[in-house]
Amino acid sequence: MIEPGLYHILFISGALFFIGVFGFFTRRNLITMLMSVELILNSVNLNFIAFNKYLWPHRLDGVFFTIFIIAIAAAEAAVAIAIIINLYRSHHSIDVESAKELKY
Amino acid sequence: MSASTIIFYLLAALTLVSGLLAVTSRHIFRAAIYLLFSLIGIAGLYFWLQYEFIAAVQIVVYVGGIVVLIIFSIFLTQQAGELLAKQKLGRTLFSALAAFCGFALTMLQVYEYSFNPTSQPPLEPSVSNIGSQMLGVNNGGYALPFEVVSMLLLAAMIGCIVIALRTPAVSPSNGGNGKGQLSSDFKPLVTVEETEQIN
């Protein structure tokens with residue numbers, strides 16, 4: 001095992017991103033799709049922190065991007081769960097196939 | 001091989017394995033718990049990178065906030081012991097193929113690119129440095145995005161309340177208080193008839 005560096009963290013975040021993409025493709029339940037989106041956002045955060053640590057340690061921009069992404073992800077999750085619960089109330093299902101009326 | 005290297009590989013394995021289980025498990029509650037462990041693994045990676053503040057924020061917001069929210073919404077919407085529907089094999093195979101091809105392409109690009117780090121002295125990512133630069137208005141300050149994000153959070157909070165509000169049957173008798181007037185102003189997402197059907 002070699003000493004971990006930037007490429008190792010990029011490998012982890014890339015793998016996590018595409019795990020999230022795979023989940024987004026295969027899941028048909030809205031809550032699990034939301035969980036896949038959270039994985040994708042986390043991989044992006046890890047990328048920002050790794051670049052900040054290894055390439056531009058004299059700046060803190062990666063940290064700020066990560067903090068803002070976390071804040072926006074929290075807002076997104078809250079709104080998405082409100083929509084999901086409202087959908088469950090009217091359709092008794094949170095399958096994406098049953099969410100056809102959402103577009104009108 | 002030092003202890004730090006071993007810890008890194010353990011954290012990486014925890015993150016990736018539980019992330020993979022979170023998107024493949026057919027028990028939705030277990031999937032949420034695997035997601036929790038994956039997020040804890042990422043927080044551990046932040047600790048390993050010595051960004052303690054980001055790790056703390058990750059644990060507080062994701063593990064303490066978003067995962068708990070997801071678990072509560074699972075309680076509200078799933079029947080106990082119900083398995084998620086099995087996907088068609090073709091869809092799973094093609095999704096895995098697409099994800100793997102994207103991953104391979106990205107990794108090939110990353111390993112071909114040669115990053116050149118700066119030679120300037122590093123800035124400690126301490127809370128005081130982060131705070132003074134985040135609220136700074138001079139060159140390199142992030143005061144404007146900070147304010148914009150605060151407005152976004154306020155808008156999201158109000159939006160959540162409006163979306164998830166169970167619209168009461170508006171009768172003229174309760175029109176006196178502010179709540180009845182507010183709920184009669186916007187178009188109800190669940191109409192009164194539907195609510196009665198549900199009940």
Side-chain angles (χ1 to χ4, degrees), chain A residues 1 3-4 6-12 14-16 18-23 25-29 31-32 34-36 38-39 42 45-46 49-50 53-60 63-64 66-68 70-79 81-86 88-90 94-95, chain B residues 1 5 8-9 12 15-16 19-20 22-23 28 31 35 39 42 45-46 49 51 54 57 61 65-66 69-70 73-74 76-77 84-85 87 91-92 95-96 99 102-103 106-107 110 115 117-118 120-123 125 129-130 133-134 142 145 149 152-153 156 159-160 163-164 189-190 194 198:
Chain A
M1 282 198 253
E3 194 69 25
L6 176 62
Y7 287 101
H8 293 73
I9 297 180
L10 290 187
F11 180 86
I12 293 172
L16 206 63
F18 283 102
I19 285 171
V21 169
F22 171 73
F25 283 162
T26 53
R27 296 290 205 185
R28 277 295 162 264
N29 183 306
I31 292 181
T32 45
L34 182 69
M35 286 158 57
S36 307
E38 298 299 331
L39 277 182
N42 264 282
N45 284 347
L46 193 60
I49 291 291
K53 165 92 178 174
Y54 287 104
L55 299 186
W56 291 277
H58 64 292
R59 303 288 303 269
L60 286 174
V63 174
F64 295 130
T66 303
I67 291 173
F68 291 134
I70 287 176
I72 292 170
E76 170 250 328
V79 174
I81 283 175
I83 292 175
I84 288 170
I85 288 179
N86 214 329
Y88 181 74
R89 260 190 219 150
S90 58
I94 49 169
D95 201 88
Chain B
M1 194 168 72
T5 314
F8 174 82
Y9 283 108
T15 307
L16 290 185
L20 199 60
V23 297
I28 185 167
L35 177 73
L39 298 178
I42 291 175
L45 280 175
Y46 292 152
L49 288 165
Y51 280 75
I54 300 296
V57 167
V61 175
I66 292 180
L69 201 64
I70 286 176
S73 65
I74 288 172
L76 283 174
T77 56
L84 295 173
Q87 291 303 317
R91 181 187 273 166
T92 313
S95 308
F103 178 60
T106 314
M107 281 301 115
V110 165
F115 298 101
T118 175
Q120 295 187 41
L123 183 64
N129 279 342
I130 291 174
Q133 199 178 336
M134 176 181 259
Y142 276 78
V149 163
L152 174 86
L153 286 177
C160 284
I163 290 171
L189 292 172
V190 182
E194 277 170 346
I198 292 166

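Chain naming here is simple, since letters A, B, ... match the order of the sequence lines and numbering starts at 1 in each.
- Contacts with chain A were tallied for B:Ile54, B:Thr106, B:Leu45; B:Ile54 has the most, counting heavy-atom pairs under 4.5 Å.
- With a 4.5 angstrom heavy-atom cutoff, B:Leu76 touches chain A via backbone and side-chain atoms both.
- For a residue to count as touching a neighbouring chain, one of its non-hydrogen atoms must lie under 4.5 Å from one of that chain's; by this rule A:Asn42 touches chain B with backbone and side chain alike.
- Taking a 6.0 Å sphere around OH of A:Tyr54, one finds it holds more than 12 heavy atoms contributed by other residues, nucleotides or ligands.
- Chain A forms more heavy-atom pairs under 4.5 Å with one residue of B:Thr77, B:Leu69, B:Val61 than with any other, namely B:Thr77.
- Here A:Leu16 is the residue among A:Val21, A:Leu16, A:Asp95 with the most heavy-atom pairs under 4.5 Å with chain B.
- Both the backbone and the side chain of B:Phe115 come within contact range of chain A, with heavy atoms under 4.5 Å apart.
- For the pair A:His8/B:Tyr9, a side-chain contact is recorded, criterion being any heavy-atom separation below 4.5 Å from C-beta on.
- Ring orientation note: the planes of A:Phe64 and B:Tyr142 are tilted relative to one another, at an angle of 30° to 60°.
- Counted within 6.0 Å of CZ on A:Arg28, heavy atoms from surrounding residues, nucleotides or ligands total more than 12; the atom is thus considered enclosed.
- For chain A, the nearby parts of B:Val110 are the backbone and the side chain; heavy atoms of each come within less than 4.5 Å.
- Residues A:Pro57 and B:Thr118 come closest through the heavy atom pair CD-CG2, 3.5 Å.
- Looking at B:Pro121, the atoms closer than 4.5 Å to chain A (heavy atoms on both sides) all sit in the backbone: N, CA, C or O.
- Taking A:Ile85, A:Leu34, A:Ile19 one by one and counting their heavy-atom pairs under 4.5 Å with chain B, the maximum is reached by A:Ile19.
- At least one side-chain heavy atom of B:Ile28 sits under 4.5 Å from a side-chain heavy atom of A:Asn29.
- Of the listed residues (A:Thr66, A:Ile31, A:Leu10), the greatest number of heavy-atom pairs within a distance under 4.5 Å of chain B belongs to A:Ile31.
- Contact count versus chain B (heavy atoms, under 4.5 Å) is highest, among A:Ile94, A:Thr32, A:Leu46, for A:Leu46.
- Minimum interatomic distance between A:Phe22 and B:Ala99 (heavy atoms only, all atoms of both residues): CB-CB, 3.9 Å.
- Contact count versus chain A (heavy atoms, under 4.5 Å) is highest, among B:Thr92, B:Ile66, B:Ile74, for B:Ile66.
- Of the residues considered (A:Phe25, A:Trp56, A:Phe68), A:Phe68 shows the highest number of contacts with chain B, using heavy-atom pairs under 4.5 Å.
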Worked verdict on B:Leu49 versus A:Ile9 for side chain to side chain contact (heavy atoms under 4.5 Å, CB included): CA-CA 10 Å; B:Leu49 288 165; A:Ile9 297 180; 3.5 Å; yes

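- For chain A, the nearby part of B:Met107 is the side chain; its heavy atoms alone come within less than 4.5 Å.
- Taking the six-membered ring for Trp and thresholds of 30 and 60 degrees, A:Phe11 and B:Phe103 have ring planes more than 60 degrees apart, a perpendicular arrangement.
- Residue contact with chain B, scored on non-hydrogen atoms closer than 4.5 Å, involves the side chain of A:Ile81 exclusively.
- Interface summary for chain B: among A:Val79, A:Leu39, A:Ile49, the most heavy-atom pairs under 4.5 angstrom belong to A:Ile49.
- If you measure heavy-atom distances from B:Gln133 to chain A, the contacts under 4.5 Å come from both the backbone and the side chain.
- A 4.5 Å side-chain heavy-atom check between A:Ile67 and B:Ile130 finds at least one atom pair inside the cut-off.
- Between A:Thr26 and B:Val23 the shortest side-chain heavy-atom distance does not fall below 4.5 Å.
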